[in-house]
Amino acid sequence: MRLIRIVPDNTKFRFVRFRRVTIPFSAAISVITVILALTIGLNFGIDFKGGTLVEIQARSGKADVGAIRQEAESFGFGTPEVQEFGNSGGVSIRFPIQEGGEEAQGTVVQKTRDVFEKDYEFRRVETVGPRVSGELVQSGTLGVVLAIIAVLAYLWFRFELTFAIGAIIGTMHDILLTVGFFVITQIEFNMTSIAAILTIVGYSLNETVVVFDRTRELLRRYKTMPIEELLDLSVNSTLSRTSMTATTTILSLVALVVVGGEAIQGFAQVMLFGVFVCTYSAMYVSTPVLIYLGMRSARAPAPAAPAPASDRKKAPRPAS
Amino acid sequence: MLRYSKAKIISILLLTLLGFAYAAPNLFSETTRERIAASVPSWIPAWIVPHRAMVLGLDLQGGSHVVLEVDENDLIRAQVASLREDVRRILRETRIAPQGGIVALPRGLQMRVPSEADRQRLLLRLNELARPAGNAILGTPGNSTINVSEGADGLIQVTLTDVGVTDRVRRAVDQTIEVLRRRVDALGTTEPNIQREGAGRVLVQVPGLQDPQRLKEILGRTAKLQFRFIAEGGANPADVDMIPSRDNAGQPVPVERRVIVEGEDLTDAQPAFDSQTSQPIVNFRFNLRGAQRFGQATSEGVGRQLAIVLDNEVISAPRIQTPITGGQGQISGSFSVQQANDLAVLLRAGALPAKLTIVEERTVGPGLGQDSIEAGTLAIYVASIFVALFMLATYGLFGIFANIALVVHVVFILALMSLLGATLTLPGIAGIVLTIGTAVDSNVLIYERIREEAHSGRSIISAIDAGFTRAFATIFDSNSTMLIAALILFFLGSGPVRGFAVVFILGILTTVITAVTMTRMMIALWYRVARPKQLPF
């Protein structure tokens with residue numbers, strides 16, 4: 001059987017050489033993302049904005065979106081966002097948060113049920129009051145920040161500070177671009193999106209750590225190799241693994257996007273985007289940034305360097 | 001390293017079998033699972049025999065998730081009111097009249113007692129009110145629920161402390177959970193989940209409910225029932241409350257402030273039909289104390305109107321024809337059958353200690369849940385097939401090993417979730433699909449490393465050995481960072497998102513076991529049998 005190789009063996013791409021292009025490019029995109037997020041803004045779901053979301057499905061299989069919109073607007077609960085989805089008469093209606101505290105939200109659901117229950121099946125009703133949505137914003141932000149700090153600490157402990165900072169820069173880049181994806185596609189940003197972002201944080205670090213792990217090993221082995229060459233070698237020697245894992249993950253996510261159902265589609269699309277960004281940033285952002293962070297090979301002309309000795313321990317020897 | 005002892009092989013196989021056994025109940029129907037559980041002899045701990053299936057989250061099986069918040073201000077008001085009663089009693093007993101009476105503060109009271117002797121006498125008694133908060137054993141001294149302080153010009157302030165308020169909220173949540181449990185149980189739904197959330201909130205999850213609006217009505221009602229006389233002309237206005245009346249189209253009627261009997265003295269309440277008007281009514285029965293008070297009051301008040309006040313609304317005000325001494329009575333109030341039914345439920349379950357507000361509601365209909373399960377299951381199959389084919393095409397025989405490990409990995413996740421009674425949510429299914437993609441990562445790391453080692457001139461056995469050893473450090477570090485992100489998601493998220501975190505955490509743990517231990521064993525056995533001269537990829 002002839003087996004596939006996505007990446008040929010012993011590639012010698014010079015990834016790091018592009019750093020004068022890729023790093024300013026990534027920085028620019030990150031800045032643009034921030035600007036977009038501040039001007040256009042994210043399409044916050046009711047988790048963070050509060051309000052009421054109702055998903056209904058026409059019992060007849062055919063929804064009259066125009067009539068629903070007209071009807072919903074006449075309720076006087078502010079301007080509802082009415083959207084059709086799927087192809088079996090599914091409609092989602094989103095009402096903004098109501099003045100008058102927590103109790104006021106309940107009347108929206110009551111009214112909607114009274115009017116539409118006859119012709120539509122209520123598939124989902126969600127109401128989030130102002131207090132809860134405020135807390136969700138806090139805990140969501142806290143989560144992302146905590147994750148970054150915790151991972152920084154872990155990498156500092158397992159590697160060294162330069163690596164930790166490089167990895168975090170790459171991860172922040174991935175988070176920012178993902179947020180940018182949310183802004184441009186206007187996919188609803190809710191608690192599940194925070195889950196997607198944290199998963200991307202995990203994936204991004206996973207990618208970076210695999211490369212850095214190799215860098216750490218090569219630094220011990222080749223004490224005199226110029227750092228650029230060494231970093232290129234790190235990326236090249238992990239390249240086939242990186243592309244393999246990206247492929248299997250993408251295959252799973254494509255399955256999720258295509259057949260996973262509407263409720264999870266947004267999540268899967270964001271993750272799919274995230275995998276591409278993480279794969280790019282591990283090669284072109286977090287690795288070359290190590291140079292700017294001052295990483296040198298054979299930093300210390302080290303009279304007492306125990307590293308080679310420990311490496312020799314793993315020298316080839318027959319298996320026992 | 002590639003030599004596996006028989007004991008080790010057997011234990012790995014046994015572990016895999018256990019995984020399949022504990023995952024199996026997910027394929028059975030609920031009745032089969034119950035039959036298995038029932039047939040377990042009592043001397044065996046129940047969990048040893050696999051009978052549990054994963055709990056489906058509300059987003060998959062349909063149901064309502066409602067978060068209610070205890071109204072802190074309502075509690076503070078009630079507490080300040082009772083504090084005022086206590087202070088009044090003490091003032092009466094000590095025969096001290098403060099200058100200008102008792103003045104209300106947002107969280108307490110203040111009064112002015114210019115006489116030094118009186119003030120000291122009063123302070124001594126007031127300090128008795130300040131008892132330690134919470135558990136007397138755990139309550140650290142100084143953490144009193146009430147703070148008594150002395151200001152300039154004979155000013156005395158009695159205020160609720162933060163500790164006191166927190167303590168009261170905590171107890172109110174406990175009581176609320178009790179009451180809500182009785183109410184929800186009366187609805188006859190299966191396995192409702194009612195638990196504390198945060199300091200002042202209660203989470204109610206009711207799966208598979210037909211009428212979520214009714215659930216909210218039953219949860220949110222305070223259900224404070226009082227029997228009071230309608231005030232007659234010439235009553236002192238200070239002793240009269242104006243309360244809206246249902247009979248009177250919502251117009252307030254004068255009701256005496258004095259409460260004859262309250263809902264807590266009820267022992268039973270049942271819906272019924274009035275024998276004359278065939279209107280739905282609620283029959284109730286008092287306990288001994290309630291019966292005595294009610295009997296006495298109705299004897300004295302023949303001919304007067306008795307107001308039945310529910311949550312600050314007069315629902316009816318019948319005229320007393322004869323003294324009611326049997327401790328039984330009925331409430332009529334132009335109810336529908338369901339209203340009478342619900343009122344009986346609420347009265348039996350008791351009143352809430354404070355007003356509850358719904359701060360979050362998420363309801364999923366059963367249709368959507370079923371659709372999500374079907375779509376999610378399909379995604380799991382499709383993703384598995386994609387990934388398996390790809391691994392086979394890339395690594396050949398080693399790909400098959402990785403695929404076997406992948407199947408075991410998914411089975412382990414399901415088994416652990418069933419064993420732990422964890423909840424499978426829609427994002428959880430997405431998590432399973434995602435870990436199918438990432439689970440093979442460990443294998444890929446190992447295989448690529450083996451390849452590299454072989455290319456650098458090692459013998460096949462030494463390459464395999466070095467591949468596993470060297471890749472392990474990378475697997476450990478990369479999975480640890482993933483785990484950190486997943487753990488934070490677990491502690492932070494709630495509901496469906498937490499379900500995703502659970503799957504992801506379990507996925508990371510099992511992938512390390514299956515990819516490292518299991519594939520290594522398969523490769524070792526293969527090597528022993530086939531004695532290959534070169535790697536199959």
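All values reported here derive from a predicted model rather than from experimental measurement. Proteins come first, then strands; the chains are lettered A, B, ... in the order of their sequence lines, and each starts at number 1.
- A salt bridge between A:E126 and A:K49 is absent, with no side-chain N of the basic residue lying under 4.0 Å from a carboxylate O of the acidic one.
- We find that B:R201 and B:E360 are not joined by a salt bridge, their nearest charged nitrogen and carboxylate oxygen being 4.0 Å or further apart.
- Of the atoms belonging to B:V359, heavy atoms from both backbone and side chain fall under 4.5 Å from chain A.
- Contact annotation for B:D441: both backbone and side-chain heavy atoms come within less than 4.5 Å of a heavy atom of chain A.
- Residue B:A466: no heavy atom, backbone or side chain, is found under 4.5 Å from chain A.
- Shown here is B:R221, whose CZ atom has no more than 12 heavy atoms of other residues, nucleotides or ligands within 6.0 Å.
- Looking at B:P536, the atoms closer than 4.5 Å to chain A (heavy atoms on both sides) all sit in the backbone: N, CA, C or O.
- The shortest side-chain heavy-atom distance between B:L424 and B:L60 falls under the 4.5 Å cut-off.
- Within the 4.5 angstrom heavy-atom criterion, only side-chain atoms of B:E217, from C-beta onward, approach chain A.
- Both the backbone and the side chain of B:T474 come within contact range of chain A, with heavy atoms under 4.5 Å apart.
- Within the 4.5 Å cutoff, the side chain of A:I46 has no heavy atoms near those of the A:F95 side chain.
- Using a 4.5 Å cut-off between heavy atoms, B:L489 touches chain A through backbone and side chain atoms alike.
- Nearest heavy-atom pair, B:F386 versus A:L251, reported as atom, atom and distance to 0.1 Å: CD2-O, 3.6 Å.
- The contact between B:H455 and chain A is made entirely by side chain atoms (from C-beta outward), counting heavy-atom distances below 4.5 Å.
- Heavy atoms closer than 4.5 Å to chain A are found nowhere in B:E374, neither backbone nor side chain.
- Only the side chain of B:F504 comes within less than 4.5 Å of a heavy atom of chain A; its backbone N, CA, C and O stay farther away.
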